[in-house]
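Have a look at the structure below, then the notes.
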Amino acid sequence: MSKGVLYDANKCIGCRACQVACKQWNQLPAETTTNSGTLENPPKLSARTFTKIHFTEAENNGKFHFVFTKLQCMHCEHPACATACPVAALQKTKNGPVIYDDNRCFGCRYCQVACPFGIPNFEWDKPMPWIRKCTFCADRLGAGLEPACVKTCPTGALKFGERDDLITIARERIAASPDKYVNHIYGEKEVGGLSWLYLSPVPFEDLGFPTLGVEPVTVNAERAMGAVPPMLVAVAAIMTSVYWVIQRRQKMSQTKESDKNKVEVTK
Amino acid sequence: MHGIEPDQIKTEVFVLPVAGSYEKEGSVSNSGRWVQWRYKAVEPPADSMPDLEIMHLVMLKLKELYQADISAPQREAITRLAWDYGSHVTADAVAKEINGYDLVTGKMMESFALLKDDGTTSSGCWIYCSMYSEAEGNKAKKRNPQDTHPKKIGLHADWSWCWPLNRRIIYNRASVDLDGIPWDSERPVVIFSPADKKWQGDVIDGGGLPINVADKGAKNLPFIMNAEGIGRLWGYSLVDGPLPEVYEPWESPLGKNLMSGTMNDPCTFIGKFMNERGTPDKYPYVGTTYRCTEHWQTGIMTRNLPWLVELVPEMYVEMSEELATEKSIERGDKVIVSTARGDIKAVAVITRRFQPLKVDGETIHQIGILWHWGYSGMAKGDSGNILTPHVGDANTTIPEYKTFLCNVRRA
């Protein structure tokens, strides 16, 4: 059984306590923002912002809706990022989270290209950059706790549980109030299913969700990767190691250069 | 500002570093009359300390000074003031004192009904008497989430404590007939059991038995705070009563009150200082004020927390697409909102959630103005208070900050 989270846009009040709870648990620094004429901030997900609430003013069946949507890694059942990763730094775990191991990652950023939601972010401003994204609080889940964002949500807009149970609950909510919800659980079938499931009062494309098929993005990649002989992979891994060492040496010498410059400036 | 010269004011102000609400222990009271204990979450930073501790240290020093000066005026008011906290004061000790003591035995007073006027009992405030008991200690700390009401109506009487006497619903005797039988048998507030002549559920208001069962002279009526014991339709305690009336706000975009012959409530409190009144020709729009969830009050705590500043970094005002088009204001533009009292700069948030009002055939625009901002802190900005009028409700003097006249233009 795999865990999931059901986000109900009809229950969310846009307080963004989830954003703060996420930053607190993951010890992420605040971003410097400005008000650009919307209540939404930061403007997009980044290596320092794993989740955010997206605000939409939409109309559906002649009725005006102020709709909130929570964005973070969807923790796909068949994650394209994990398939694309040549060194298995990204992996889907049995209980739901797609986890990332920075000891394996060598910074190719294929995952960024592969993800249909544009979730993995690269720490462009760091000398030793890693990929950063929502972890589904895998550490908390391991300790029997719910994710930090779910724990803090004051309205029950976020519900953590077995993914199958959440789908049942979502169906019940739609059936109980068909006038309040569009008849679609986003994430139930998209790209083979997501651990994060969504309910909304307006069509998902109006909220900026990509319209995706039911076929996992990974299937083609899996086939292709499976055809590569193990030998080739081994060679590729060795070459990659060599590349990494060279790159690291270059980087270190660059760092030394910049240190020298610093001394110059001080003089 | 407004002709005030700080150095001309004959008062000296000391700003002391005081702990925030999460850095100290104490109680909060809500509008449902609950007193809930709150514990310290973190230590106050640097030299700051709870205001209670600061007052304690000031009083200890005052006592020392008054003790030394035998010619000090009203000296005994200070030297003989009961102040038995020792070197360090706790919120719990003050809670006990507010509850009150039997000064003969030194035990907690168990009910305000037992307070005497002969100097043998004490209580800081009678409504809070019984908040602290010998058997149960500080009842504001109670945290039993179970509903112990026999019909589970959602009373949750063992979660914190409620004044008076943990009575959760005042005038609850009005929920039963003269025999003590609930008007609503499905959701009774109090239930009288004739077998043992006892009430169940909420703490019965006024005490005693149902009127038909009680002895002559002990027939308690439900509205215990009214001399006649019954509810009033003709409420003569309101200064602008006895019946409700709809008035226009002090600053109104309308030429006349469409609901009544009288424009404004004649009993309204109107400030005389720094309180210029605007007119619709100069200030055609209705300003209204509110809060956002991310900041709190003046924002002096929240505007210094980087994670909250990230969410709401700047002072903003909200307006409709229609008004924005009329005034050539684009989303995110800096705008000046002005009233007869002053003007502020803010970011324009243009939203369909704001719709122009149609009043008597006329279109009237509204501008939503946030509180929370001020001149100091990590995120600085103009305060909504600069715009608001100094007008108070006739009975409560609650400020009229929800409707006033303003204008807006691009900065």
Side-chain angles (χ1 to χ4, degrees), chain A residues 11-60 62-68 70-71 148-149 152-155 157 201-202 206-207, chain B residues 22 41-42 290-296 299 301-325 327-335 345-356 368-370 372-373 377-382 410-411:
Chain A
K11 289 178 186 273
C12 179
I13 56 167
C15 74
R16 304 185 286 173
C18 51
Q19 287 185 222
V20 175
C22 177
K23 294 222 159 181
Q24 189 174 28
W25 180 257
N26 293 298
Q27 286 299 298
L28 298 168
E31 306 207 30
T32 304
T33 57
T34 56
N35 187 321
S36 55
T38 153
L39 306 184
E40 189 172 327
N41 249 328
K44 57 184 175 51
L45 294 180
S46 74
R48 293 167 172 196
T49 302
F50 295 171
T51 187
K52 64 165 286 190
I53 297 291
H54 176 57
F55 291 47
T56 312
E57 293 190 354
E59 202 172 296
N60 190 31
K63 207 177 152 194
F64 174 74
H65 293 273
F66 186 36
V67 195
F68 312 113
K70 188 172 176 298
L71 306 178
C149 55
T152 206
C153 179
T155 64
V202 301
D206 294 350
L207 302 176
Chain B
Y22 306 109
V42 289
Y290 47 80
R291 295 167 170 84
C292 65
T293 52
E294 293 83 355
H295 288 298
W296 192 67
M301 290 203 287
T302 52
R303 281 187 295 103
N304 281 302
L305 293 171
W307 287 329
L308 295 177
V309 170
E310 172 196 281
L311 295 175
V312 183
E314 290 179 87
M315 172 68 184
Y316 65 84
V317 295
E318 292 185 273
M319 66 188 76
S320 68
E321 290 175 350
E322 290 83 348
L323 178 59
T325 307
K327 306 292 273 190
S328 307
I329 296 166
E330 300 276 338
R331 185 177 283 243
D333 277 354
K334 292 273 195 310
V335 293
K345 201 173 181 180
V347 177
V349 171
I350 297 155
T351 166
R352 285 184 62 196
R353 290 177 292 112
F354 263 70
Q355 295 286 329
I369 299 153
L370 213 59
H372 309 309
W373 259 262
M378 180 184 282
K380 299 180 189 66
D382 287 344
R410 263 207 344 239

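The chains referred to below are lettered A, B, ... by the order of the sequence lines, with proteins before strands, and numbering in each begins at 1.
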Tell me, side chain or backbone of [X] under 4.5 Å from chain B's heavy atoms, or both, or neither?
X       : answer
A/Leu39 : both
A/Gln19 : side chain
A/Ser36 : backbone
A/Gln24 : both

Are any of the side-chain heavy atoms of [X] and [Y] separated by less than 4.5 Å?
X       : Y        : value
A/Glu57 : B/Thr351 : yes
A/Val20 : B/Leu308 : yes
A/Thr34 : B/Glu314 : yes

B/Leu311 versus chain A, the contacting section by heavy-atom distance below 4.5 Å: both

Region of B/Glu330 that comes under 4.5 Å of a non-hydrogen atom in chain A: neither

Donor-acceptor pair, side chain of B/Trp307 and main chain of A/Ala21, under 3.5 angstrom: no

A/Asn41 and B/Glu310: CA distance, side-chain angles, deciding distance, side-chain contact (heavy atoms from CB on, under 4.5 Å) verdict: CA-CA 7 Å; A/Asn41 249 328; B/Glu310 172 196 281; 5.6 Å; no

OH/B/Tyr22: more than 12 non-hydrogen atoms of other groups inside 6.0 Å: no

Most contacts with chain A, counted as non-hydrogen pairs under 4.5 angstrom, among B/Val349, B/Ile350, B/Val312, B/Thr293: B/Val349

